[in-house]
Amino acid sequence: AKSSGRNAYSFYTQALTLEAMERVRLETDLRSALQRREFLLHYQPQIDLKSGRIVGVEALIRWQHPERGMVMPDRFISIAEDTGLIIDIGEWVLHEACRQARQWLDQGIALENIAVNVAGPQIQRSDFVATVRRVLGETRLPPDRLEIEVTEGLVMDQAESTVAVLKQLSDLGIFLSIDDFGTGYSSLAYLKRLPIDRLKIDRSFVRDLPMDEEDAAITRAVIALADSLGLRTIAEGVENEAQVALLNKLGCQQAQGYFYGRPTVPEAIDWT
Ligand code: C2E
Ligand code: CA
Ligand code: CA
Ligand code: CA
């Protein structure tokens, strides 16, 4: 037992070392990725459940790596956060998403909002609000077309400073959503204090709808909570018609997921 334990241990440390080396390689490449213009945004439609129409999109970053091909954000966003690279990458995302939204509006497309994911280190910088204002000015996008998504964990961790920033963004007219709602734990009192417009029901609760009774109960409760606080709801990870039917019945306003469309290049979004 002793020797097999030691073997398991050495495999474990070896795996850790490989993982660490992989991170270092990615980090090195990530440092030059912006300059080399290797990032792009894909957009996923957000559908109004009543009308069945696309009313918004969420911008999702991809990294077109010269050797690895398309690298997904789960592989590199945490590295970008740890190294501070997220500040410049995040600003690029914001600018590119706003530029694209402006272009859609100029084409006569009735885009209600474009959602952009914002990471903790971005929002915690003292110049974040100024950056957002500047980008909106540069791209001529009206603030009420921009939606900023922050995760539940981020909002709950950072107490006062985050609340202050969210207030300033909200005062500018920007739409605010809590992403992955239900995965962290938010006190109701806290939620009430935040200038939030919308809760995004996490994919993990949507996945097994309508059959999973616990998930159905949680989804129903989140929608009721949102209603009572005057917030809107969007369900993410919607993959089939049965989920849509239940979400509609529960009074969820919007849905996003593979059922309506995978994240794709801007030209491929079908607005009709
Ligand atoms: P997220 O914000 O929760 O984004 C939703 C993720 O679910 C996306 O993965 C999307 O492609 C995927 N998805 C959408 N519909 C479905 C569905 O019906 N079924 C399933 N199984 N998955 C679905 P993606 O694009 O790989 O992004 C992963 C995460 O990376 C995002 O999760 C977000 O946290 C982060 N991320 C993406 N872009 C950015 C960005 O520009 N900035 C920051 N800070 N984070 C980003
Ligand atoms: Ca999101
Ligand atoms: Ca999410
Ligand atoms: Ca379950």
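Since the structure is predicted, the reported quantities are computational estimates derived from the model, not experimental observations. Remember, it's 1-based here, ligands and their atoms both numbered in the order they're listed.
Close contacts between ligand 1 and Ala119 involve ligand atoms 44 (N) [criterion: under 4.0 Å to a heavy atom]. Those atoms of ligand 1 with a heavy atom of Pro73 less than 4.0 angstrom away are 24 (P), 25 (O), 26 (O), 27 (O), 28 (C), 30 (O), 36 (N), 37 (C). For ligand 1, the atoms lying closer than 4.0 Å to a non-hydrogen atom of Glu58 are 2 (O), 4 (O). Against a heavy-atom cut-off of under 4.0 Å, Glu236 is close to the following atoms of ligand 1: 3 (O). Those atoms of ligand 1 that come under 4.0 Å of a heavy atom in Met72, given as number and element, are 26 (O).
For atom 21 (N) of ligand 1, the nearest non-hydrogen atom of the protein is Glu239 OE2, 3.2 Å. Protein heavy atom in closest approach to atom 3 (O) of ligand 1: Asp180 OD1, 3.5 Å. For atom 11 (O) of ligand 1, the closest non-hydrogen atom on the protein side is Pro263 CG, 3.3 Å. Protein heavy atom in closest approach to atom 15 (N) of ligand 1: Gln44 NE2, 3.0 Å. Nearest non-hydrogen protein atom to atom 16 (C) of ligand 1 is Tyr258 CE2, 3.2 Å. Given atom 29 (C) of ligand 1, the protein heavy atom at minimum distance is Asp74 OD1, 3.5 Å.
Coordination check, Asp179 versus the Ca ion (ligand 3): passed, since an N/O/S atom of the residue sits under 3.0 Å. Within the 3.0 Å limit, Glu236 places no N, O or S atom next to the Ca ion (ligand 2).
Using a 4.0 Å heavy-atom cutoff, Arg62 is listed among the residues neighbouring ligand 1. Every heavy atom of His42 sits 4.0 Å or more from the atoms of ligand 1.
Nearest-residue assignment for atom 7 (O) of ligand 1 (options Arg203, Glu81, Glu96; heavy-atom criterion): Arg203. Between Leu41, Val238, Asn117, Ile89, it is Asn117 that holds the heavy atom closest to atom 45 (N) of ligand 1.
Between Thr219 and Phe205, the shortest heavy-atom distance links the atoms OG1-O, 3.9 Å. Nearest approach of Val222 to Leu199, heavy atoms of both residues: CG1-CD1, 4.2 Å.
Note that CG of Leu166 is 11.0 Å distant from CZ of Arg193, once rounded to the nearest 0.5 Å. Note that CD of Glu58 and CG of Asn113 are 11.0 Å apart. Values are rounded to the nearest 0.5 Å.
Looking only at N/O/S atoms, Asp180 comes nearest to the Ca ion (ligand 3) through OD1. Taking the Ca ion (ligand 2) as reference, the nearest N/O/S atom within Glu58 carries the name OE2.
At a distance under 4.0 Å, no protein heavy atom can be found next to atom 9 (O) of ligand 1. Shown here, atom 34 (O) of ligand 1 is out of close reach of the protein: none of its heavy atoms lies under 4.0 Å off.
Contact check for Met70 versus His65: no side-chain heavy atoms found under the 4.5 Å cut-off. Two residues are said to be in side-chain contact when any heavy atoms from C-beta on lie closer than 4.5 Å; Gln168 and Arg133 fail this criterion. A 4.5 Å side-chain heavy-atom check between Arg25 and Arg68 finds at least one atom pair inside the cut-off.
Annotation: angle subtended at the Ca ion (ligand 2) by Asn117 OD1 and Glu149 OE1 is 90°, to 10°.
Contacts between Leu60 and ligand 1, counted as non-hydrogen atom pairs separated by less than 4.0 Å, involve both the backbone and the side chain. When heavy-atom distances to ligand 1 are checked against a 4.0 Å cut-off, Asp179 comes that close only through its side chain, counted from C-beta outward.
No donor-acceptor distance shorter than 3.5 angstrom exists from the side chain of Gln253 to the backbone of Ile234, with no hydrogens or angles considered. Formation of a donor-acceptor pair under 3.5 Å by the Gln124 side chain with backbone atoms of Thr162 is not found in this model.
The one candidate from Leu231, Thr233, Ile218 that meets the side chain to side chain contact (heavy atoms under 4.5 Å, CB included) condition with Ile223 is Thr233. None of Tyr260, Trp271, Trp104 except one satisfies the ring pair (Phe, Tyr, Trp, His ring centres under 6.0 Å) rule with Tyr43; the exception is Trp104.
Note: the hydrophobic cluster containing Ile114 does not contain Phe175 (ILVMFWY, side chain heavy atoms under 4.5 Å, direct or indirect links).
Using cut-offs of 30° and 60° for the angle between ring planes, the Phe39 and Trp63 rings count as tilted.
Residue Ile61 places at least one N or O, backbone or side chain, under 3.5 Å from an N or O of ligand 1.
Residues Ser51 and Asp48 bring a donor and an acceptor atom of their side chains to less than 3.5 Å of each other. With no hydrogens or angles considered, a side-chain donor-acceptor pair links Arg198 and Gln254 at under 3.5 Å.
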